[in-house]
Amino acid sequence: VLIDIYHPKYDTVTVDNVKGGYLAGRHLAERPAETFVIMVEERFNTPFASGVFRDRLQGFKQALQDTGQSLPEENVITVEFSWDGGRIAAREILKHYRGRINIFATCDLLARGVMDELSHHGLSIGQEIWLIGFDDQPWAEDCGLSTIRQPIESMGAFAVDLLMDRVKESSRELTHRVFEPQLVVRH
């Protein structure tokens with residue numbers, strides 16, 4: 001049983017990452033501003049490369065397109081999956097800071113790095129800069145981070161049940177369950 005990754009030869013439990021990206025895009029599109037996306041560097045040369053961050057970007061771009069906005073390629077910043085990656089991306093974004101900015105960090109860890117770097121520069125989220133993450137990590141509420149919630153507990157419970165069913169009946173038909181993401185606005 002694979003969680004947060006789709007593979008046609010295995011049982012899978014995922015969230016609809018395209019829809020999640022779309023929800024993030026619609027949320028930021030309500031407040032037109034120069035928009036940036038912080039992507040996680042994904043390596044696709046492995047059999048189980050997930051593509052979740054690419055899917056999130058696809059949904060985000062579609063939402064902007066549906067609202068008559070665009071995302072220039074130079075406004076997509078790719079960094080490593082780390083808190084420091086978020087800080088590095090924020091520094092790059094601040095080079096372009098001329099007023100209102102929207103930022104979609106494709107995971108909460110990157111968003112936290114962005115928040116920390118902005119704070120270091122005396123800037124905060126919710127005025128000139130809007131930020132949304134993805135995951136709804138346990139600490140996101142304490143930080144006031146708007147995010148896309150993955151129902152991770154429900155996904156985990158479903159995956160355990162699916163695994164137990166697979167153990168009982170190994171030849172059963174494959175199951176591919178996709179959970180719905182939810183927009184959580186906090187600032």
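Everything numeric here is computed off the predicted structure, so don't read it as measured data.
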Looking at W83, is R112 sitting on its ring face, NZ or CZ under 6.0 Å from the six-membered ring centre and within 45 degrees of the normal? no
Using the test salt bridge (charged side-chain N to carboxylate O under 4.0 Å, His left out), find all partners of [X] that sit at least two apart in sequence or belong to another chain.
X    : value
E92  : K95
R166 : D11
D16  : none
E180 : K19

Please evaluate residues C143 and M115 with respect to the criterion side-chain contact (heavy atoms from CB on, under 4.5 Å), reporting the C-alpha separation (whole Å), side-chain torsions for both, the decisive distance (0.1 Å), and the verdict. CA-CA 9 Å; C143 295; M115 293 174 84; 3.9 Å; yes
Looking only at non-hydrogen atoms, find the nearest pair between [X] and [Y] and report the distance.
X    : Y    : value
Y10  : L174 : C-CD2, 3.7 Å
M39  : L57  : SD-CB, 3.7 Å
R31  : Q127 : NH2-O, 3.2 Å
S146 : R186 : OG-N, 2.8 Å
V40  : F81  : CG1-CB, 3.6 Å
A105 : A111 : CB-N, 3.6 Å

Distance (rounded to the nearest 0.5 Å) between [X] [atom1] and [Y] [atom2]:
X    : Y    : atom1 : atom2 : value
L94  : H121 : CG    : NE2   : 5.5 Å
L131 : S124 : CG    : OG    : 11.5 Å
I129 : E34  : CD1   : CD    : 11.5 Å
T14  : Y6   : OG1   : OH    : 9.5 Å
Q58  : N17  : CD    : CG    : 10.5 Å
I132 : N102 : CD1   : CG    : 10.0 Å

If you apply the rule side chain to side chain donor-acceptor pair (under 3.5 Å), what do you find for T147 with D108, and how did you get there? CA-CA 7 Å; T147 188; D108 286 350; 2.7 Å; yes
Would a 4.5 Å heavy-atom cut-off, applied to side chains only, mark [X] and [Y] as touching?
X    : Y    : value
I38  : I93  : yes
V178 : V15  : no
L2   : V13  : no
V114 : D116 : no
V76  : L71  : yes
T106 : F134 : no
L28  : F104 : yes
E128 : I101 : no

Determine whether a donor-acceptor pair (N or O, by modelled atom type, separation under 3.5 Å) exists between the side chain of [X] and the backbone of [Y].
X   : Y   : answer
T67 : A63 : yes
T35 : A33 : yes
Q69 : A29 : yes

Ionic contact status for R91 with E117, cut-off 4.0 Å: yes
Given the rule in the side-chain contact (heavy atoms from CB on, under 4.5 Å) test, do C107 and Q137 qualify, once you have shown the distances and angles that lead to the verdict? CA-CA 9 Å; C107 67; Q137 293 291 334; over 6 Å; no
Would you call the rings of F158 and F179 parallel, tilted or perpendicular, taking 30° and 60° as the class edges?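 F158 vs F179 ring planes: perpendicular.
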Tabulate below the donor-acceptor pairs under 3.5 Å that side-chain atoms of residues 20-27 make, not counting sequence neighbours, or state none.
from : atom 1 : to  : atom 2 : distance (Å)
Y22  : OH     : R26 : NH1    : 3.4
Y22  : OH     : D66 : OD2    : 2.7

Checking D4 against Q150 for the side-chain contact (heavy atoms from CB on, under 4.5 Å) test, could you report, in this order, the C-alpha distance in whole Å, the side-chain angles of both residues, the deciding distance, and whether it holds? CA-CA 10 Å; D4 207 26; Q150 292 192 67; 3.7 Å; yes
Single-linkage hydrophobic cluster, 4.5 Å side-chain cutoff, [X] and [Y] together:
X    : Y    : result
F36  : L123 : yes
I125 : W139 : yes
V37  : V18  : no
V1   : V160 : no

Assess whether side-chain contact (heavy atoms from CB on, under 4.5 Å) is satisfied between I5 and V52, documenting all intermediate values. CA-CA 7 Å; I5 184 170; V52 298; over 6 Å; no
Test of understanding: with side-chain contact (heavy atoms from CB on, under 4.5 Å), list the residues that count as partners of P138, not counting sequence neighbours. none
Check the pair K61, E73 against salt bridge (Lys or Arg N to Asp or Glu O under 4.0 Å), reporting the backbone distance first and the verdict last. CA-CA 11 Å; K61 284 180 172 180; E73 284 303 313; 2.9 Å; yes
